[in-house]
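The sequence lines fix the lettering, A, B, ..., with proteins before strands; numbering per chain opens at 1.
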Amino acid sequence: MIPIADSLLTWYADNGRHELPWRQTQDSYALWLAEIMLQQTQVESVKPYYARFLQALPSWEALARAPQDQVLALWSGLGYYARARNAQRAAQKVCADFAGQFPDTREAAETLPGVGRSTAAAVLASAYGHQEAILDANARRVLIRSQAIRSDPKSTRTLQQLWELAEALTPTDAHGYNQAIQDLGAMICTPRHPRCDACPLQHSCKAYAEGLGEQLPLGLRKRTTQARCVFFLQIEDGDGRVFLEKRPDSGIWGGLWCLPQFHPQSGSGQPVPCPAQQDPLADDVVLREQVRHFCAAQYGLAVEVQGLMAMQKHVFTHFQLHFRCIHIGLQEDLQAIKVADRVLSGCWFGSEAALAKGLPTPIRKILRRSS
DNA sequence: CAAGCGTGGCT
DNA sequence: TAGCCAAGCTT
């Protein structure tokens, strides 16, 4: 094992990103919130969300008591929305079970929804000064390179080995060290084309010595970019309000408000796989009749299809969604609305009210364009 | 334990 | 363009 703490801390003092917003506070709530937002998410993306969220919900109590819709609206666009729902549950648990203080042991902290080992360690080190090691993507990459670990980074054994390494290397000043190793991973020891010439660990780095800097970590990701397709139904009433449904907590975009989805091949409206077809969402008389039938059966709405927007694509980690938006008007306005209000989990929103909700990014783009 | 879960930037 | 990647956790 090659020690790196001293070199890292020295480098960090002069080169670290000391100005990051969550490095200006000792409040465990703010530090925890930053860690949750930063999971799988880049610093620049988090900054505006962090400021807005803290401003609106500045304490455990405020978050615990907020309407879920407000929490999701503040998270809207940041992605991985289970984090937002878990964060609120965690705040409620902190208030109920931990007297409004972030727990002071890792074991207790890990009982909070959305808080795993690394997040718990990061908060305990930064908020309370505990000597706790983190192991996020940055730390993992730095350790793998500095020790030239060639085994599969995803395997349980390698992870176990990395955690042991992380704990052994983490000094008393874990707070500073954790920030330092993350900054090195973000600024110098980057996934591709690491800047070894500027690295404070170059003299001791086994990967550098063996010319493996670009090769490690090994076999990172396997990709499957299956394509699915769906229609989004933009149904407007006589007052220009649009109809949105709240999605169930489980699955993609959980808890967010969304336009109704439709596909002729799945009565449920679920997106369907669309292998490289010419035009999987073609507009014709049959489709328009199917849409009318769907709206009647599903929502009790008598509608007329006004037109189809151009095909668009939204890319997720695991698949890409091809979609077209269908503009729809009501035939029998007032009567239809009454039926819908009674039958549905959805609601009608004016343009401004809709945009204030927690919306998936592609839905927000659709509604912004037509507002 | 592998799959699921968002989005934006970079190459 | 299309693939790759980012301060992980849950089921």
Next item on the list: Mind jotting down which residue pairs meet the ring-ring contact (aromatic ring centres under 6.0 Å, His included) criterion with at least one end in residues 45-64 of chain A? Sequence neighbours excluded, please.
Entry: W22(A)-Y50(A), Y29(A)-W60(A), W32(A)-W60(A), F53(A)-W75(A)
Notebook entry, point to check: Quick one: does NZ or CZ of R228(A) land under 6.0 Å from the six-membered ring centre of F319(A), within 45 degrees of the ring axis?
Noted result: yes
Item checked: Base dG9(B) to side chain S45(A), donor-acceptor N/O within 3.5 Å cut-off -> no
Note to self: Looking at Y81(A), I'd like to know whether one of its side-chain N or O atoms comes within less than 4.0 Å of OP1 or OP2 on dT7(B).
What the structure shows: yes
Note to self: If we ignore hydrogens and angles and just use 3.5 Å, is the side chain of R23(A) paired with the main-chain N or O of R17(A) as donor and acceptor?
What the structure shows: yes
Check: Is any side-chain N of the basic residue among E110(A) and R106(A) closer than 4.0 Å to the acidic one's carboxylate O?
Finding: yes
Note to self: Check this one for me: any side-chain N or O of T361(A) less than 4.0 Å away from OP1 or OP2 of dT7(B)?
What the structure shows: yes
Notebook entry, point to check: Counting side-chain heavy atoms from C-beta on, which of dC5(B), dC5(C), dA7(C) comes nearest to L38(A)?
Noted result: dA7(C)
Margin query: Check this one for me: any side-chain N or O of Q40(A) less than 4.0 Å away from OP1 or OP2 of dG8(C)?
Written below: yes
Item checked: Position toward the 5' end of DNA chain B (nearest nucleotide), H193(A) or P362(A) -> P362(A)
Next item on the list: Just compare dG9(B), dA7(C), dA2(C) and give me whichever is closest to any side-chain atom of Q42(A).
Entry: dG9(B)
Checklist line | Distance test, side-chain N/O of W253(A) to OP1/OP2 of dG4(B), below 4.0 Å | finding: no
Item checked: T317(A) (side chain) and dG6(B) (base): donor-acceptor pair under 3.5 Å -> yes
Margin query: Please tell me if T156(A) has a side-chain N or O lying less than 4.0 Å from either OP1 or OP2 of dC1(B).
Written below: yes
Next item on the list: Enumerate the residue pairs fulfilling side chain to side chain donor-acceptor pair (under 3.5 Å) with a member in residues 358-367 of chain A, sequence neighbours excluded, ordered by first and then second residue.
Entry: S76(A)-R364(A)
Note to self: If you compare every side-chain N and O of R83(A) against the phosphate oxygens of dG6(B) (OP1, OP2), does one of them come in below 4.0 Å?
What the structure shows: no
Next item on the list: Tell me whether the OP1 or OP2 atom of dC9(C) has a side-chain N or O from T119(A) closer than 4.0 Å.
Entry: yes
Check: From the list dA7(C), dA6(C), dT10(C), which nucleotide is the closest neighbour of the side chain of R23(A)?
Finding: dA7(C)
Item checked: Positions of residues 2-22 of chain A (non-hydrogen atom under 4.0 Å from DNA chain C), listed by number -> R17(A), L20(A), W22(A)
Note to self: Tell me whether the side-chain N/O atoms of H314(A) come closer than 4.0 Å to OP1 or OP2 in dT7(B).
What the structure shows: yes
